[in-house]
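This is a predicted model, so every value here is computed, not measured. Just so we're on the same page: letters track the sequence lines, and every chain starts at 1.
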Number of protein chains: 2
Amino acid sequence: MFFLKLPAIIGAENEEGGIRVTIYDIAREAGVSASTVSRVINHKPGIREETRRRIQKLLEEYDYTPDIAARGLATQATRFIGILIEDIRVSHHTESAYVIEQEMTRRGYTCITFSTGPDSSRKAQYIQILEQRRVEGVILIGSMFANDEVRRSLERCLADIPVMLVNGEMDLPNVYSVLIDEERGTEECVKMLVEKGCRRLVYLMDVTTPSNIKKQRGFCTGLLRYGLEAGENRIFTAPDADTSPGGSIRRGRQGTCRLLESVPEVDGIICATDLLAIGCLQELQKRGIAVPGQVSLIGIDNTLYGQLCTPALTTLDNKMAQVSLSAARMLLDVLDGRTVNQKLMLFTEIIRRESA
Amino acid sequence: MFFLKLPAIIGAENEEGGIRVTIYDIAREAGVSASTVSRVINHKPGIREETRRRIQKLLEEYDYTPDIAARGLATQATRFIGILIEDIRVSHHTESAYVIEQEMTRRGYTCITFSTGPDSSRKAQYIQILEQRRVEGVILIGSMFANDEVRRSLERCLADIPVMLVNGEMDLPNVYSVLIDEERGTEECVKMLVEKGCRRLVYLMDVTTPSNIKKQRGFCTGLLRYGLEAGENRIFTAPDADTSPGGSIRRGRQGTCRLLESVPEVDGIICATDLLAIGCLQELQKRGIAVPGQVSLIGIDNTLYGQLCTPALTTLDNKMAQVSLSAARMLLDVLDGRTVNQKLMLFTEIIRRESA
DNA sequence: CTGTTAGCGCATTCAC
DNA sequence: GTGAATGCGCTAACAG
């Protein structure tokens with residue numbers, strides 16, 4: 001398997017058949033030592049201008065490209081950032097991954113991104129892969145990462161590197177959080193519906209993520225605060241068998257069916273996600289229930305989907321792009337040795353469109 | 001900067017404060033040499049069962065995790081795959097990246113994915129980053145990578161590693177292609193519209209990608225073949241200033257305005273993408289033009305968006321997920337030393353829904 | 001200003 | 001069966 005690198009010994013020709021040119025090749029060609037070449041490559045001072053130029057020229061001539069892994073081995077710095085998401089196909093996750101990758105790349109880091117799926121033990125496996133790759137920092141996107149199994153895995157594998165939790169909290173010295181106040185945001189949605197005259201509100205969710213639970217709490221708080229009687233019968237959970245992106249819509253439809261059976265007099269619905277809301281909308285329309293005429297509808301996430309449906313969806317923007325960008329910047333700050341706050345909170349905003 | 005690793009010399013305690021345990025640490029603890037530990041880790045034969053078990057136990061006890069980069073330096077294998085996409089936020093690109101990442105991860109590779117943006121010189125830069133990371137294979141997603149600048153960059157940087165082109169062609173010995181017959185597919189769309197009685201067809205596109213050009217060719221061929229007079233006035237290009245995902249819809253609306261001015265009697269529109277079609281649909285509805293009553297509308301891509309709008313969009317499914325999966329598998333075959341076809345073609349399928 | 005030496009963590013010959 | 005020696009490509013400390 002090993003290719004004996006004769007050129008290095010004989011000083012003969014190389015640069016063909018997949019042989020990589022190394023700093024030694026360049027050094028030999030330039031009649032200097034490898035360290036000198038290394039210094040030129042890394043723009044270190046203390047090199048005669050003539051030498052620098054000569055080596056620079058050879059580097060280009062031979063199309064030299066540094067092996068970052070080898071460099072990392074010597075410097076103990078891989079310049080890798082790990083990103084874990086449950087499913088990158090979910091549109092606000094896509095947005096997050098995109099924003100983070102752009103920022104990290106801009107700053108000279110390379111991102112390794114994995115879609116882990118919902119299973120916690122799988123998440124732990126991916127954390128181990130990141131450990132093996134010796135990432136210098138990690139960003140976990142989504143509240144579903146804030147659980148004990150992930151926590152244990154982090155303590156075990158990544159105790160010494162900074163970890164950013166996007167929309168989740170974890171009490172660990174190396175774990176930082178960027179949060180978004182979905183709870184208060186959802187409460188504001190209730191307020192808005194009440195002000196529009198709604199009296200029978202329902203919160204529809206599917207997967208019981210910490211995030212969705214927070215929204216639920218905000219919903220309940222809103223009911224109390226704005227004078228509506230609370231009660232378990234105002235919370236509905238759609239079955240979550242199908243985990244594909246399209247599944248959300250289906251769940252929205254099914255959840256709405258159930259909901260309408262229990263609370264036929266409903267006049268305001270808040271859905272945990274936009275896609276759920278769109279499923280809901282489809283079911284309502286199918287039954288001839290006017291939106292927003294008879295029922296006001298609000299989604300959460302501010303996805304593109306919400307702009308496309310008719311009527312356009314009023315939605316709670318949880319600003320995933322901004323939140324993710326903040327997380328990326330915080331991580332960069334930590335890596336640069338700057339002190340940062342361990343927790344940060346950003347604020348949601350209601351995007352008023354036609355459905356409410 | 002360097003942490004003198006005293007434990008290795010003194011044989012003292014370690015495992016705290018970010019010091020990674022190496023095979024040498026384990027070896028010392030077990031009273032064997034590093035080679036033996038290495039053999040155990042890599043499940044090589046020729047180790048006494050007792051020794052193996054003892055070392056195995058220590059490995060777990062000390063939470064040993066191999067440094068893959070160091071291993072790669074020794075074996076000349078990084079197990080990295082590079083993926084380049086113009087914009088991962090575009091839904092069928094997301095799907096592609098997802099599918100490929102899942103398959104590669106399953107097979108022990110780690111993906112490095114970049115969103116390059118449309119600019120060719122930027123694409124070349126990203127190719128260089130992949131080279132620096134010593135990826136073992138590369139997948140370029142989208143026809144926009146099939147241009148001369150990228151080609152030169154590949155020849156220069158990645159001449160010795162397999163490159164898969166998803167939906168694009170390039171005549172280079174190490175470049176493989178998985179294609180999708182969008183040309184014939186679009187032709188079939190024309191046929192379908194003609195059979196529905198349409199007589200004034202228009203093709204609306206935005207960015208002039210090789211892929212969109214192919215669709216255009218298919219459109220023209222269809223016109224000829226199915227007895228409609230061709231002509232430049234049947235092709236419309238929407239302005240493409242805004243490159244955000246939402247921009248597509250806006251372009252669809254604007255393009256439709258122009259189109260209606262020139263060909264007010266249009267009764268069938270094929271759009272180069274679903275999002276474009278949705279913008280088109282919005283504009284038509286705004287003007288009170290019935291779809292599919294007065295105008296039949298077909299999109300391309302089979303995105304989730306097409307299922308959400310009203311009426312649901314008839315669309316040409318270009319099977320990006322399958323195409324991407326095939327590309328991933330082909331690449332794995334090449335990496336495993338199996339011979340594969342350098343080109344492969346998959347087939348589109350029309351998804352009939354309400355808009356046509 | 002530059003070369004020599006050593007070592008990053010690991011896998012692999014070749015001895016024993 | 002196992003160990004010692006060597007090298008992967010690169011950087012960094014220390015001399016000169």
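Under 4.0 angstrom from either OP1 or OP2 of C:dA11 there lies at least one side-chain N or O belonging to B:Ser38. Proximity of A:Arg71 to the phosphate of D:dG9: no side-chain N or O atom is located under 4.0 Å from OP1 or OP2. Of the side-chain N and O atoms in A:Lys44, one or more sit less than 4.0 angstrom from OP1 or OP2 of D:dA12. OP1 and OP2 of D:dG7 both lie 4.0 Å or more from every side-chain N or O belonging to B:Gln76.
Atom pair A:Asp25:CG and D:dG7:P shows a separation of 15 Å (rounding to whole Å applied). The CG atom of B:Leu73 sits 8 Å away from the C1' atom of D:dC10 (whole-angstrom rounding). Atom P of nucleotide D:dC10 and atom CD1 of A:Ile26 are separated by 9 Å, given to the nearest angstrom. When rounded to the nearest whole Å, the span between NE2 of A:His43 and P of D:dA12 equals 14 Å. Summarising the geometry, the separation between CD on B:Glu131 and P on D:dG9 is reported as 14 Å, rounded to the nearest angstrom. A straight line from CZ of B:Arg134 to P of D:dC8 spans 14 Å, rounded to a whole angstrom. Atom pair A:Arg133:CZ and C:dG9:C1' shows a separation of 15 Å (rounding to whole Å applied). At whole-Å resolution of the value, CD1 in A:Ile41 and C1' in D:dG9 are 10 Å apart.
For A:Ile23, the side-chain atoms get nearest to D:dC10 when compared with the rest of C:dC10, D:dC10, D:dG9.
For the 3.5 Å distance criterion, the side chains of B:Glu169 and B:Ser177 fail to qualify, holding no donor opposite an acceptor. In this structure, a donor-acceptor pair under 3.5 Å is absent between the side chains of B:Thr116 and B:Glu86. Side-chain contact annotation: A:Arg133 with B:Thr110, donor-acceptor N/O pair under 3.5 Å present.
Annotation: side chain to side chain donor-acceptor pair (under 3.5 Å) contacts of A:Asp171 (sequence neighbours excluded): none.
Summarising the geometry of B:Glu136 relative to B:Ala77, their closest heavy-atom pair is OE2-C, 3.2 Å, with the distance given to 0.1 Å.
Both tests pass for B:Arg89 against the ring of A:Tyr98: distance under 6.0 Å to the centre and angle within 45° of the axis. For A:Lys123 and A:Phe145, the positive end sits near the middle of the six-membered ring, less than 6.0 Å away and at most 45° from its axis.
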Set out, line by line, the N/O atom pairs under 3.5 Å between protein and nucleotides 2-6 of chain C.
from, atom 1, to, atom 2, distance (Å)
C:dT2, OP1, A:Arg48, NH2, 3.1
C:dT2, OP1, A:Thr51, OG1, 2.6
C:dT2, OP2, A:Arg48, N, 2.9
C:dG3, OP2, A:Ser33, N, 2.9
C:dG3, OP2, A:Ser33, OG, 3.2
C:dG3, OP2, A:Thr36, OG1, 2.5
C:dG3, O6, A:Arg39, NH2, 2.5
C:dT4, O4, A:Ser35, OG, 2.9

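Using a 4.0 Å cut-off between a side-chain N of Lys or Arg and a carboxylate O of Asp or Glu, A:Arg28 and A:Asp25 qualify as a salt bridge.
Two end axes, each from the C1' atoms of five base pairs, can be drawn for the helix from C:dC1-D:dG16 to C:dC16-D:dG1; they diverge by 40°, to 10 degrees.
No side-chain donor-acceptor contact under 3.5 Å links A:Asn42 to the backbone of A:Lys44.
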